[in-house]
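Structure first, then comments.
Numbers for residues simply follow the sequence, beginning at 1.
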Amino acid sequence: MDLKQLHYFMTIVEEQQITAAARKLNMTQPPLSHQMKLLEKELGSQLFKRGSQCIELTEAGRLLVRRAQQLLDMAENTIREIDELGQSLQGTLSIGTISSSGSILLSPGMQKFHREYSGVHFEIHDANTYQLIEELEKGIIEIGIVRTPFNTSSFNCQFLNTEPMAAVMTADLDWCPQRERITVAELNKRPLIIYRRFQQLLQDVFAQKQAAPEIYCRNDDARTTILWANAGLGIGIAPLSAVELAAHDQLHIKIIDEPALETQIAAVWRQHTSLSRIGREFLTALCGLNVASDMDTNQEGK
């Protein structure tokens, strides 16, 4: 079994026909079929169910799809890493960021990375956590800066500081101007502006506290929550660090004293996939994390 055979195999899987795969590979069908027979002989298992117009994978074939992609990715990354040795760090890093991650990207680590690696450019994809996870799975971005809660099972994760949720409001909506902290129960029957991603989490906590706030506005961006609250349209609920990301000159800021509402920003990347040298150095600067030694193990904090 060699890398060329695995490439042929994955092309057949992608095209779903040996004839179409042969065209894409600029070869005739008989040599391609012969290579697949050799691969099946070496593995001692049938990979395709033949006879239909579109190929159908056997159980062994489905297993090989998963392993073959990992091996091909590893080979490609190894070639890239060897090529990078001794070269100055330059190129483009594709990352995805949530709207409430601005404080992280403006951190001293990010500033240090920019100073040391001025030849590195960025391709930024702005989206919510679930959209960024989908882009990670498709290989569109290399690293995602996302926020809990999310399913961590398919990713290496480095979690950053825990932060509370905050209620932000104009003076006319502030029932306790002398205090900086409030309870969930105090939000009962008050008009809230919430980030849709946190709706279920908020509803669960409200139910536990027997509170029934009025959801005045749902949206998909923490900045929208802050802007609407700043206009006096309701009480915005957002991670504390997000408040600085939009106009908030009119806002009174109250930390919600409820551990169940605390969230974390996390840097995530695909398991079993070697990061580029740029990606490794970026995570080292951003998180103080050394990812060079073991890319197949989830990091501490998961």
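- Q250 CD to I226 CD1: the interatomic distance, rounded to the nearest 0.5 Å, is 13.5 Å.
- The side chain to side chain contact (heavy atoms under 4.5 Å, CB included) search around Y216 returns P191, I193, E214, W228, L233, not counting sequence neighbours.
- A donor-acceptor pair under 3.5 Å links the side-chain atoms of K254 to the main chain of R179, judged by distance alone.
- Taking V13 as the reference, F9, L57, V65 meet the side chain to side chain contact (heavy atoms under 4.5 Å, CB included) condition, with sequence neighbours excluded.
- Within the 4.5 Å cutoff, no side-chain heavy atoms of K41 are placed close to those of M36.
- N230 contributes a side-chain N or O that, together with a main-chain N or O of D249, makes up a donor-acceptor pair within less than 3.5 Å.
- Following chains of ILVMFWY side-chain contacts shorter than 4.5 Å, one can reach I12 starting from L43, so the two form part of one hydrophobic cluster.
- Q271 contributes a side-chain N or O that, together with a main-chain N or O of S153, makes up a donor-acceptor pair within less than 3.5 Å.
- The ring pair (Phe, Tyr, Trp, His ring centres under 6.0 Å) check on Y8 picks up nothing, with sequence neighbours excluded.
- The shortest side-chain heavy-atom distance between E258 and K209 falls under the 4.5 Å cut-off.
- A 4.5 Å side-chain heavy-atom check between T152 and V268 finds every atom pair outside the cut-off.
- Looking at residues two or more places apart in sequence or on another chain, you find no ring pair (Phe, Tyr, Trp, His ring centres under 6.0 Å) involving F150.
- Rounding to the nearest 0.5 Å gives a distance of 11.5 Å between NE2 of H7 and CG of D2.
- Other members of the cluster containing L63 do not exist, because no ILVMFWY side chain is joined to it at under 4.5 Å.
- Annotation: side chain to side chain contact (heavy atoms under 4.5 Å, CB included) contacts of K138 (sequence neighbours excluded): E134, I140.
- Q264 is not listed as a side-chain neighbour of C157, based on a closest heavy-atom distance of 4.5 Å or more.
- The stretch residues 222-232 participates, sequence neighbours left out, in these salt bridge (charged side-chain N to carboxylate O under 4.0 Å, His left out) pairs: D221-R223.
- Shown here are the side chain to side chain donor-acceptor pair (under 3.5 Å) partners of T92, two or more places apart in sequence or in another chain: there are none.
- Not counting sequence neighbours, R67 has no partner by the salt bridge (Lys or Arg N to Asp or Glu O under 4.0 Å) test.
- Within the hydrophobic cluster formed by Ile, Leu, Val, Met, Phe, Trp and Tyr side chains joined at under 4.5 Å, directly or through other members, Y195 is accompanied by M165, M169, L173, W175, I182, V184, L187, L192, I194, F198, L201, L202, V205, F206, I215, I235, I237, I256, L261.
- Defined by atom type and a distance below 3.5 Å, a donor-acceptor pair is missing between the side-chain atoms of E40 and S45.
- Residues R270 and E142 have side chains not in contact (no heavy-atom distance under 4.5 Å, counting atoms from C-beta outward).
- You'll find the side chain of L39 reaches within 4.5 Å of the side chain of L64, heavy atoms only.
- Residues T19 and Q29 bring a donor and an acceptor atom of their side chains to less than 3.5 Å of each other.
- Screening residues 143-153 for salt bridge (charged side-chain N to carboxylate O under 4.0 Å, His left out), with sequence neighbours left out, gives R147-E163.
- The side chain to side chain contact (heavy atoms under 4.5 Å, CB included) test applied to D257 returns R181, not counting sequence neighbours.
- Residues L286 and I145 meet the side-chain proximity criterion, which asks for heavy atoms closer than 4.5 Å.
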